[in-house]
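Working notes, beginning with the structure itself.
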Amino acid sequence: MKPGTSLTSMSGTPQDGGRLERLAAAVTRWSERWFPDAYLFAALAVIVCAGGALAIGVPAVKVGVAFGDGFWSLIPFTMQMAIVAISGYVVAVSPPAAMLIRRMAALPRSGRSAVAYVAFVSIVLSLFNWAISLVFAGLLVRAIARRDDIRMDYRAGGAAAYLGMGATWALGLSSSAAQLQANPASLPKALVEITGVIPFSDTIFLPQSMAIAAVLTLVSVVLAYYSAPRDDRATVAADLGVSLDDTAKPYVRAQRPGDWLEYSPLVTVLIVALGVLWIGHEFTTKDPLQAISNLNTYNFVFLMLGMLLNWRPRRFLDAIAKSVPSVAGVLIQFPLYGGIAYLLTKAPGIDGATLSHHLSSFFVAISSQTSFPGVMGVYSAVLGFFVPSGGGKWIIEAPYVMQAANDLHVHLGWAVTVYNAAEALPNLINPFWMLPLLGVLGLRARDIVGYTFTQLLVHFPVVIVMLWLLAQTLTYHPPVMP
């Protein structure tokens, strides 16, 4: 195979994945050509919601006021989500993580088992932090690809590294929707009135939610193994023209007295020591589940860990600087989502009802208590392809989805889980969240989407059926106000 030639650009060769992969490649090429930046979807959502408010009789001035009032309502949550991404990246690129990656890369005994191994690592890490999952798994793929004793298909390995983001991340600790609902200080007041506070014990730590995560882990790893080409048919990094030279630049010692503190671990040790005292107090004086469900505590733990693992302040600051581009979309899009939340909930029309009320009435009309999880799962998955933002999309959906759940007496925590499990599905074919991983791997979305699309075809029915069946085991409870 010539360097730079991807699997999906070939046809009729033994390496060709068949119709399924060609279809996936076509979907990706279409989205890469026609999809604008995710910011445009957020901006268009504002325009659509404003138009909807005008259509139900809200005066134009009140539409503008609602948008402006809501614009800054998510500032705490915006900062919290940015820190989730930054702290995860800083931990994943630290020297101890690099050492661990080298040791882990030596474990697989064949190319196909390596792909399944990467899938498992990516999924497990995603349950703790989605950014760690993307970066760490991507670096693990590169480390395995350097081995001469096995031939791992580089594209299949890259797809496996993405499975945490495409399958389970929203069912873990960094779930935007679950974190938001557990932290009343981060919730827009209009949403608190509908949902109340929903602790982790009613969302990601529900046995039913953990069952979905376990099933998706098993399904993903098995599919990753059997969809990967065997060693003799594997396309390695060199075949794709990808350089695996990751020789790190030697760390320069302080050149002048003013640099000394930047290169000394003294500051790091003192700051982390203070942090450990606070973390110990937090987890010994509170229920551990309650402590970790506080998004500020969660971020504090990972930031302290990032400082410690990078050891020297200069290395820590360099890692922070490299991570910042990954949060640019969050910083500019979330204010728009705050404006959307207020347009939905704070702008009553001529009949006194808001746009959120009309939307929730529609979903109540087409659903029953039994069918609601399946209907909302499909709806959320489809919408997720166009609004690729877990937390921001929840702000859009939650007002009317949760009101409908209240009206139909559907367990509110399970409604959040329905969103979490379904929202991740379109990530498997939407290039937006692939970008950080693709940068690490040196690949394009079309190189890996043939494998992720295969996962989507299996995941979709599994997720929707489980959401529907497991909902029958839960009982509705009214919202609990803070």
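Side-chain atoms are counted along with the backbone in the values below, which use heavy atoms only and exclude waters and symmetry mates. All residue numbers in this chain count up from 1 along the given sequence.
A salt bridge between E282 and K286 is present, with a side-chain N of the basic residue lying under 4.0 Å from a carboxylate O of the acidic one.
In this structure, I83 and L303 have side chains that are in contact, with non-hydrogen atoms separated by less than 4.5 Å. Two residues are said to be in side-chain contact when any heavy atoms from C-beta on lie closer than 4.5 Å; L173 and N129 fail this criterion. The shortest distance between side-chain heavy atoms of F372 and V418 does not fall below 4.5 Å. With a 4.5 Å cut-off on side-chain heavy atoms, T354 and H357 count as touching. Within the 4.5 Å cutoff, side-chain heavy atoms of L74 are placed close to those of Y337. Annotation: side chain of L437 is not in contact with side chain of M434 (no heavy-atom distance under 4.5 Å). Residues M152 and V141 have side chains in contact (heavy-atom distance under 4.5 Å, counting atoms from C-beta outward). Proximity of L428 to F453: side-chain heavy atoms (C-beta onward) are nowhere separated by under 4.5 Å.
Taking the six-membered ring for Trp and thresholds of 30 and 60 degrees, W130 and W169 have ring planes more than 60 degrees apart, a perpendicular arrangement. Taking the six-membered ring where tryptophan is involved, the planes of F302 and Y298 are tilted, since the angle between them lies from 30° to 60°. Classification of the H409-Y476 ring pair by plane angle, with boundaries at 30° and 60°, yields parallel.
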N310 vs V90, side chain to side chain contact (heavy atoms under 4.5 Å, CB included): CA-CA, chis, key distance, verdict: CA-CA 8 Å; N310 283 278; V90 168; 3.1 Å; yes
Side chain to side chain contact (heavy atoms under 4.5 Å, CB included) assessment of F460 paired with V378: CA-CA 9 Å; F460 193 92; V378 173; 4.2 Å; yes
F77 vs F334, test: ring pair (Phe, Tyr, Trp, His ring centres under 6.0 Å). Steps then yes/no. CA-CA 9 Å; F77 187 59; F334 273 46; 5.8 Å; yes
I would like to know whether T473 and Q208 meet side-chain hydrogen bond (donor to acceptor under 3.5 Å, both in side chains); could you show each step before the answer? CA-CA 9 Å; T473 66; Q208 292 86 342; 2.9 Å; yes
Would Y117 and F120 satisfy ring pair (Phe, Tyr, Trp, His ring centres under 6.0 Å), going step by step from the backbone distance to the final call? CA-CA 5 Å; Y117 175 61; F120 180 75; 8.0 Å; no
Does the side chain to side chain contact (heavy atoms under 4.5 Å, CB included) test come out yes or no for M165 and S133, once each step is laid out? CA-CA 8 Å; M165 196 66 193; S133 172; 5.9 Å; no
Residues M304, I271; criterion side chain to side chain contact (heavy atoms under 4.5 Å, CB included); working and verdict: CA-CA 8 Å; M304 290 299 107; I271 294 295; 4.2 Å; yes
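Scanning both residues, G172 and I204, for their nearest heavy atoms gives O-CD1, 3.6 Å. Taking all atoms of both residues into account, the shortest heavy-atom contact from P184 to V197 is CB-CG2, 3.7 Å. The two residues I396 and A45 come nearest to each other via the heavy atoms CD1-CB, 4.4 Å.
In this structure, the side chain of Y154 engages the main chain of L441 through a donor-acceptor pair within 3.5 Å. Here the side chain of T285 pairs a donor or acceptor atom with the backbone of H281 at under 3.5 angstrom. Between the W414 side chain and the L467 main chain, a donor and an acceptor come within less than 3.5 Å of each other. Without hydrogens or angle criteria, R155 side chain to D447 main chain gives no donor-acceptor distance under 3.5 Å. Listed for the Q455 side chain is no donor-acceptor partner under 3.5 Å among the backbone atoms of Y451. Looking at S371, its side chain never comes within 3.5 Å of a backbone N or O of S367 through a donor-acceptor pair. For the pair S122 (side chain) and V118 (backbone), a donor-acceptor distance under 3.5 Å is absent. Judged by distance alone, the side chain of Y162 and the main-chain N or O of T452 form no donor-acceptor pair under 3.5 Å. N183 places no side-chain N or O within donor-acceptor distance of the main-chain N or O of A185, the cut-off being under 3.5 Å.
Here Q181 contributes atom CD and T203 contributes atom OG1; the two are 8.5 Å apart, rounded to the nearest 0.5 Å. If you take CG on D153 and CD1 on I448, they are separated by 11.5 Å, rounding to the nearest 0.5 Å. A distance of 8.0 Å separates OG in S360 from CD1 in I194, rounded to the nearest 0.5 Å. With rounding to the nearest 0.5 Å, the separation of OG1 in T217 from CE in M210 is 12.5 Å. Taking OG1 of T297 as the start and CD of Q290 as the end, the distance is 9.5 Å to the nearest 0.5 Å. Considering CD1 of I56 and CD1 of I350, their distance stands at 9.0 Å, rounded to 0.5 Å.
A side-chain donor from one of N420 and S175 sits under 3.5 Å from a side-chain acceptor of the other. Side chain to side chain, H459 and S220 meet the donor-acceptor criterion of an N or O pair below 3.5 Å. Residues Q179 and S293 have side chains that never bring a donor and an acceptor to within less than 3.5 angstrom of each other. No hydrogens or angles considered: a donor-acceptor pair under 3.5 Å links the side chains of E397 and S380. Q80 and N296 share a donor-acceptor pair across their side chains, judged by distance under 3.5 Å alone. Side-chain N/O atoms of Q403 and D407 include a donor and acceptor closer than 3.5 Å. For T168 and S126, the side-chain atoms include at least one donor-acceptor pair closer than 3.5 Å.
For the side chain to side chain contact (heavy atoms under 4.5 Å, CB included) criterion with F136, the lone passing option out of V93, V91, I101, V440 is I101.
More than 12 heavy-atom neighbours from other residues, nucleotides or ligands sit within 6.0 angstrom of CE on M104. Crowding of F128 atom CZ: a count of heavy atoms from other residues, nucleotides or ligands under 6.0 Å not exceeding 12.
Taking F283 as the reference, nothing meets the ring pair (Phe, Tyr, Trp, His ring centres under 6.0 Å) condition, with sequence neighbours excluded.
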